[in-house]
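Working notes, beginning with the structure itself.
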Amino acid sequence: MRDEQSADESSANIRNRHPRIEWFEALLAYRRWHTIAEASRRLGVSQDLLSERIRLLEEWFSHNLFERSLPHQRLTPKLNAYGDRYLSYMQQIVASFEDLQSVLDSPQNRGQFIVALPESLATGLLADVRNAIYNQGSLPAGGWRFITARSAVVRAEIIQKKATIGLLVEREPYIDRDLTVEPIARSPMCLFCAARHPFAHRSHRVSFDELSNEVIVVDKEMSTYRAIFESLLRRARVPVMQKDAFSNIEAVKSAVKAGPGVAMLPYFAIADEVKEGKLALVKMNNDEPVYVQILIAYHPENKLESSIMRDLMNEFRNQGKNLPKPEKDFN
């Protein structure tokens with residue numbers, strides 16, 4: 001819980017101050033949880049302080065960010081057009097700060113084994129690997145530490161030797177001049193929608209032109225998945241009229257399930273929801289399907305002398321073979 005400094009926040013001249021990260025967190029929490037009471041509980045601050053932080057952020061913008069209800073002009077959790085315009089930037093600020101906190105929290109335990117990987121691998125591939133390693137009893141003396149961040153941050157951690165081993169998700173093909181990398185799996189990028197979306201029931205393929213009328217849902221800036229999706233749209237000259245940006249892929253999937261919108265992620269990241277019927281794959285008129293690779297990465301100076309590291313890498317290779325794949329006729 002952060003210290004409550006409402007007196008300090010409200011007394012300073014807003015025009016002469018930089019915004020605080022807590023102000024952005026307050027806005028995003030209220031937008032996500034819909035009530036001041038729930039948002040304040042999630043952040044561990046008082047309701048008055050959370051409301052004050054939203055007020056200060058709007059004052060810093062010199063513009064309301066949320067819509068107001070009539071006739072009493074009470075704050076609602078729905079962003080207005082001005083707030084929507086800057087939503088992705090505010091999400092990036094909070095996401096980048098969280099990444100910074102992760103990399104600054106350096107481990108102190110001697111013999112600790114550090115694994116860095118993107119969030120999209122943390123709930124699937126990593127969970128299975130971690131379970132298998134514990135069952136084998138091949139554990140480091142100082143324990144494990146896992147860092148989840150975007151691939152660019154993971155790569156930097158390995159280069160700086162802060163992480164012993166890492167996983168990268170990059171567009172295929174991928175070559176790294178600074179790290180030793182080994183592909184262990186590949187997965188197609190798939191366009192998907194809610195199960196009730198009209199695209200889900202189409203017998204023929206969807207053209208890129210049809211996406212111009214859809215809400216395009218993407219995750220945070222610097223994401224490999226977002227870059228691929230937006231690159232495909234640019235090459236197809238699709239004018240994106242509506243775009244919603246979120247800070248992580250779980251939020252992207254939730255937004256698409258709730259509707260409206262379509263998104264693109266690698267199949268392994270959405271396989272469970274597709275099998276459960278919560279999401280549906282959209283067959284595209286795309287002659288060249290795009291694949292991403294999952295790669296093991298480590299520093300070239302690491303000679304793989306640790307038996308624990310060898311066991312871990314072998315388990316990642318084994319589990320990589322078992323990643324879910326779409327039906328053969330999908331593409």
Would you sort out whether Arg20 and Glu25 count as a salt bridge (charged side-chain N to carboxylate O under 4.0 Å, His left out), showing the intermediate values? CA-CA 9 Å; Arg20 296 167 63 98; Glu25 290 175 332; over 6 Å; no

Please evaluate residues Glu214 and Lys243 with respect to the criterion salt bridge (charged side-chain N to carboxylate O under 4.0 Å, His left out), reporting the C-alpha separation (whole Å), side-chain torsions for both, the decisive distance (0.1 Å), and the verdict. CA-CA 9 Å; Glu214 295 292 323; Lys243 181 192 294 183; over 6 Å; no

Verdict with supporting geometry, Val218 and Phe229, side chain to side chain contact (heavy atoms under 4.5 Å, CB included): CA-CA 8 Å; Val218 295; Phe229 191 15; 4.1 Å; yes

Go through it in stages, so that I can follow the logic: the residues are Phe66 and Tyr30, the test is ring pair (Phe, Tyr, Trp, His ring centres under 6.0 Å), and I'd like the CA-CA distance, side-chain angles, deciding distance and then a yes or no. CA-CA 10 Å; Phe66 286 107; Tyr30 180 47; 5.2 Å; yes

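Judged by distance alone, the side chain of Gln92 and the main-chain N or O of Ser88 form a donor-acceptor pair under 3.5 Å. Between the side chain of His299 and the backbone N or O of Asp178 there is no donor-acceptor pair closer than 3.5 Å. Not one N or O on the side chain of Ser51 forms a donor-acceptor pair closer than 3.5 Å with the backbone of Asp48. Remark: side-chain polar atoms of Asn248 are not paired, donor with acceptor, to backbone N or O of Asp219 under 3.5 angstrom. Counting only distance, with no hydrogens or angles, the side chain of Ser96 and the backbone of Ile93 share no donor-acceptor pair below 3.5 Å. For the pair Gln91 (side chain) and Ala245 (backbone), a donor-acceptor distance under 3.5 Å is present. At distances below 3.5 Å, not a single donor-acceptor pair connects side-chain atoms of Thr164 with backbone N or O atoms of Phe113. In terms of modelled atom types and a separation under 3.5 Å, the side chain of Asn131 and the main chain of Ala127 share no donor-acceptor contact. Judged by distance alone, with hydrogens and angles left aside, the side-chain atoms of Glu315 form no donor-acceptor pair with the main-chain N or O of Leu312 at under 3.5 Å.
Going from atom CD of Glu276 over to atom CD1 of Ile270 covers 12.0 Å, rounded to the nearest 0.5 Å. The line from CG of Leu126 to CG of Leu121 is 8.0 Å long, rounded to the nearest 0.5 Å. Rounded to the nearest 0.5 Å, atoms CD (Glu22) and CG (Leu57) are 11.5 Å apart. A distance of 4.0 Å separates CE in Met284 from CZ in Phe208, rounded to the nearest 0.5 Å. Note that OG of Ser151 is 6.5 Å distant from OH of Tyr225, once rounded to the nearest 0.5 Å. A distance of 6.0 Å separates NZ of Lys283 from CZ of Arg205, quoted to the nearest 0.5 Å.
Closest approach of Leu281 to Cys190, counting heavy atoms only: CD2-CB, 3.9 Å. For the residue pair Ala263 and Val252, the shortest heavy atom distance occurs at CB-CG1, 3.6 Å. Shown here for Ala26 and Arg53, the closest heavy-atom pair between the two residues is CB-CB, 3.8 Å. Scanning both residues, Val215 and Pro260, for their nearest heavy atoms gives CG2-CG, 3.9 Å. Here the closest non-hydrogen pair linking Val292 and Pro266 is CG2-CB, 3.7 Å. Here the shortest heavy-atom pairing between His34 and Arg31 reads CE1-O, 3.9 Å.
For the pair Arg42 and Trp33, the cation-pi criterion (under 6.0 Å, within 45° of the ring axis) is fulfilled.
Within a 6.0 Å radius of NZ in Lys325, more than 12 heavy atoms belonging to other residues, nucleotides or ligands are found. With a 6.0 Å radius and a threshold of 12 heavy atoms from other residues, nucleotides or ligands, Lys278 has its NZ atom at or below the threshold. Counting non-hydrogen atoms of neighbouring residues, nucleotides and ligands closer than 6.0 angstrom, the CZ atom of Phe146 exceeds 12 such neighbours.
Under the 4.5 Å side-chain criterion, counting only non-hydrogen atoms from C-beta, Leu211 is in contact with Leu191. Asp244 places none of its side-chain heavy atoms less than 4.5 Å from the side chain of Ile216. Contact annotation: the side chain of Trp144 approaches that of Val115 to within less than 4.5 Å [non-hydrogen atoms, C-beta and beyond].
Under the 30°/60° scheme for interplanar angles, the aromatic rings of Phe61 and Tyr86 are found to be tilted.
Salt bridge Glu58/Arg68: present, at least one basic N to carboxylate O contact under 4.0 Å. Here Glu182 pairs with Arg317 in a salt bridge; the nearest charged N to carboxylate O distance falls below 4.0 Å.
Side chains of Ser231 and Arg235: a donor on one and an acceptor on the other come within 3.5 Å. Under the 3.5 Å distance criterion, with hydrogens and angles disregarded, a donor-acceptor pair is assigned to the side chains of Asp176 and Tyr174.
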